[in-house]
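Every chain is numbered from 1 and lettered A, B, ... according to where its sequence line falls, protein lines coming before strand lines.
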There are 2 protein chains.
Amino acid sequence: MSITGLFPIDKWDFQSESILADLPPADLEMLSTHKTEQVYKKGDIIFREGAYAAGIFFVVNGKVKKYKVNKEGKEQIIYVANTGELIGYHAILSDDRYPDFAAALEESTIAFIPREDFLKTLGQSSLLNNRLLKTLSHEFTVLINSLTMFAQKSVRERLAVQLIVLREKYKMNAKPGMPIEINMSRDDLASLVGTARENVVRMLTEFKEENILQTRGRKILILDINKLIRIADYK
Amino acid sequence: MSITGLFPIDKWDFQSESILADLPPADLEMLSTHKTEQVYKKGDIIFREGAYAAGIFFVVNGKVKKYKVNKEGKEQIIYVANTGELIGYHAILSDDRYPDFAAALEESTIAFIPREDFLKTLGQSSLLNNRLLKTLSHEFTVLINSLTMFAQKSVRERLAVQLIVLREKYKMNAKPGMPIEINMSRDDLASLVGTARENVVRMLTEFKEENILQTRGRKILILDINKLIRIADYK
DNA sequence: ATTTAAAATTGATAAATATCACTTTTTCAA
DNA sequence: TTGAAAAAGTGATATTTATCAATTTTAAAT
């Protein structure tokens, strides 16, 4: 794998590095002091861009889209957070305003940790500090890959990349031994890829004709991941 | 200014938050223990993507492009670092491989700080720790704005944005009272905007016809920054 | 100042992507 | 189970962007 090649495959199936996993019980306890849990229905907004960042959120179960909205109301999905991931911490660490929107992609259980508890724990745990530095640096790497993808790859290639990434995320939803189905609206998929819904639909039809995937209602089942990888990887 | 509006102007003229400024003398001294300085000529490569991250770099004077290179050899500039900025620290904090290339855009003086000194100082300075957390979070915000720009804005709009940003960076080069000239090859400008050189040239011609800017050789002088802001801001 | 190689520019054309108007399918609540 | 409403899909066309093949201009070295 060429060092200069855009996106070696291991950079696609990025999962946010685990920030809280295996943190000492004392740290976790301090974080949890005022923790509350809430169930968000599909489409419910968790936080809004520009809102005061009252705290951070932990995805106990479900999937969350992080996105920006432009002047015309068009969404751009930046990232899909999965079960086990922490969101909203950038705001607390920089200017106390969320830099984007977050909304549930499916019914999700989300825990809320007030900013004070997060900051207090951060002040006492050098491990949490190091985890955050590492995660943020890793996110940077992932984001510049994404950026380059948007700047240089075609819609077809970007769709291939996102399908590969989404398949990884939906693995968790699939019962063991059962096929992995991606369940996402064409609008959200288009927003993730950065194109219009119609284009996504047309390319999915192409992929179907090439026996790369099949659909069941709005659900997508990848049949030939290697073909998809080749499309994503090459011009 | 709408909260949901893409890129309020203060997010464009982003300068990396100062990481080292006003750090206690003891910290700066520890960082400088094995510091070395080197002059890079225009085009010289400072580090390569994938290379072992032996340390971090401080731009004492000059301008540095950070970029990715795809399989076909096409460059994508991610960011232009200016005098006073630190680069290469993401690698040290995550996986010890530089995530992109860095090369001098003009003759530049660059200081090198070995990774051990950086890590040692980081271990002893909670201020440096906090600065890094804040900077990384801020970079995240800037990058998701960039990402959304690439995904949703036209070449014309992106060029307008980049000219505004570059003008800020070249302010430093201009003698007080003298006009601010952007001095960048059309290829680099195209790579920054994410398009072909020919398109950049054509759009610059348009901007000239609209009295937004003028050129002197390859140098660009912005005449009407407000028009540029309007183009960058609206569809 | 002159040469010359590199960079910039221009025009024509091809390819990719967006948009619009419409039909069909799916989902979900009554 | 069925009937809207929402979402998905399709085809035609417009617009944007990329590519190719030149020519002209600029900058650097002699």
Side-chain angles (χ1 to χ4, degrees), chain A residues 41-44 65 70 72-77 105-107 149-163 181-209 213-221 231 234-235, chain B residues 41-43 65 70 72-76 105-107 149-163 181-209 213-221 231 234-235:
Chain A
K41 289 203 292 278
K42 184 176 172 173
D44 284 355
K65 64 175 173 184
N70 75 5
E72 290 85 42
K74 194 174 151 196
E75 289 185 11
Q76 177 61 44
I77 298 182
L105 274 173
E106 56 190 42
E107 183 166 293
M149 174 171 80
F150 275 107
Q152 299 199 338
K153 292 199 174 238
S154 68
V155 169
R156 181 179 159 93
E157 293 168 306
R158 300 200 308 263
L159 178 58
V161 169
Q162 297 294 1
L163 287 174
E181 285 186 326
I182 297 168
N183 187 6
M184 187 178 248
S185 80
R186 299 300 175 263
D187 275 316
D188 277 341
L189 200 45
S191 161
L192 197 57
V193 170
T195 188
R197 186 188 67 246
E198 294 94 321
N199 293 325
V200 165
V201 168
R202 273 186 269 269
M203 303 249 161
L204 284 177
T205 307
E206 275 182 38
F207 286 163
K208 269 193 268 192
E209 286 162 357
L213 53 82
Q214 65 184 46
T215 56
R216 233 176 29 95
R218 69 181 39 156
K219 298 195 184 75
I220 297 168
L221 174 66
I231 292 168
Y234 286 109
K235 185 90 198 166
Chain B
K41 289 203 293 280
K42 183 174 174 175
K65 64 174 173 183
N70 74 7
E72 290 85 43
K74 195 172 150 196
E75 288 186 11
Q76 177 60 45
L105 274 173
E106 57 191 39
E107 184 165 293
M149 174 171 82
F150 275 107
Q152 298 199 337
K153 292 200 174 237
S154 68
V155 169
R156 181 179 158 93
E157 292 168 307
R158 300 200 308 262
L159 178 59
V161 169
Q162 297 293 3
L163 287 174
E181 285 186 325
I182 297 167
N183 187 6
M184 188 177 245
S185 79
R186 298 301 174 263
D187 274 316
D188 277 341
L189 201 45
S191 162
L192 197 57
V193 169
T195 188
R197 188 187 62 245
E198 294 95 320
N199 294 324
V200 164
V201 169
R202 274 186 268 268
M203 303 251 161
L204 284 176
T205 307
E206 275 182 38
F207 286 163
K208 270 193 267 191
E209 285 162 358
L213 53 82
Q214 66 183 45
T215 55
R216 230 172 36 90
R218 68 182 39 157
K219 298 196 183 75
I220 297 169
L221 175 66
I231 292 169
Y234 287 109
K235 184 90 197 165

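- Nearer to the 5' terminus of DNA chain D, by closest-nucleotide assignment, is the contact made by A/D187 (compared with the other of A/A151 and A/D187).
- A donor and an acceptor atom never sit less than 3.5 Å apart when one is taken from the side chain of A/R158 and the other from the base of C/dT17.
- If A/G194 and A/R216 are placed on DNA chain C by their nearest nucleotide, the residue sitting closer to the 5' end is A/G194.
- The main-chain N or O of A/V201 is found under 3.5 Å from a side-chain atom of A/T205 such that the two form a donor-acceptor pair.
- A straight line from CD of A/E209 to C1' of D/dG9 spans 13 Å, rounded to a whole angstrom.
- Between the base of C/dT25 and the side chain of A/R186 there is no donor-acceptor pair shorter than 3.5 Å.
- In this structure, B/M184 atom CE and D/dA27 atom P are separated by 16 Å, rounded to whole Å.
- Checked against B/D188 for a salt bridge (Lys or Arg N to Asp or Glu O under 4.0 Å), the options B/R218, B/K65, B/K42 give a single hit: B/K65.
- A/Q214 places no side-chain N or O within 3.5 Å of a backbone atom of A/K208 that could act as its donor or acceptor partner.
- An OP1 or OP2 oxygen of C/dT9 is reached within less than 4.0 angstrom by no side-chain nitrogen or oxygen of B/T205.
- The B/V155 side chain lies nearest to D/dA18 when the options are D/dG9, D/dA18, C/dT9.
- For the pair A/K42 and A/A196, both in contact range of DNA chain C, the more 5′-proximal nearest nucleotide belongs to A/A196.
- The backbone N or O of B/M184 lies less than 3.5 Å from a partner atom in the side chain of B/R186, making a donor-acceptor pair.
- For the pair B/N199 and D/dA18, the criterion of a side-chain N or O lying under 4.0 Å from OP1 or OP2 is met.
- Each of C/dT17, C/dT9, D/dA8 was ranked by its minimum atom distance to the side chain of A/T195; first place goes to C/dT17.
- As judged by a 4.0 angstrom heavy-atom cut-off over every strand, B/R218 is placed among residues touching the sugar-phosphate backbone only.
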For a side-chain contact (heavy atoms from CB on, under 4.5 Å) check, start with the C-alpha distance between B/L159 and B/L189, then their side-chain angles and the critical distance, and finish with the verdict.
CA-CA 8 Å; B/L159 178 59; B/L189 201 45; 4.2 Å; yes
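- For A/E198, counting side-chain heavy atoms from C-beta on, the closest listed nucleotide (C/dA18, D/dT10, D/dT19) is D/dT10.
- For D/dG9, the base has a donor-acceptor partner in the side chain of A/R197 [N/O atoms by modelled type, under 3.5 angstrom].
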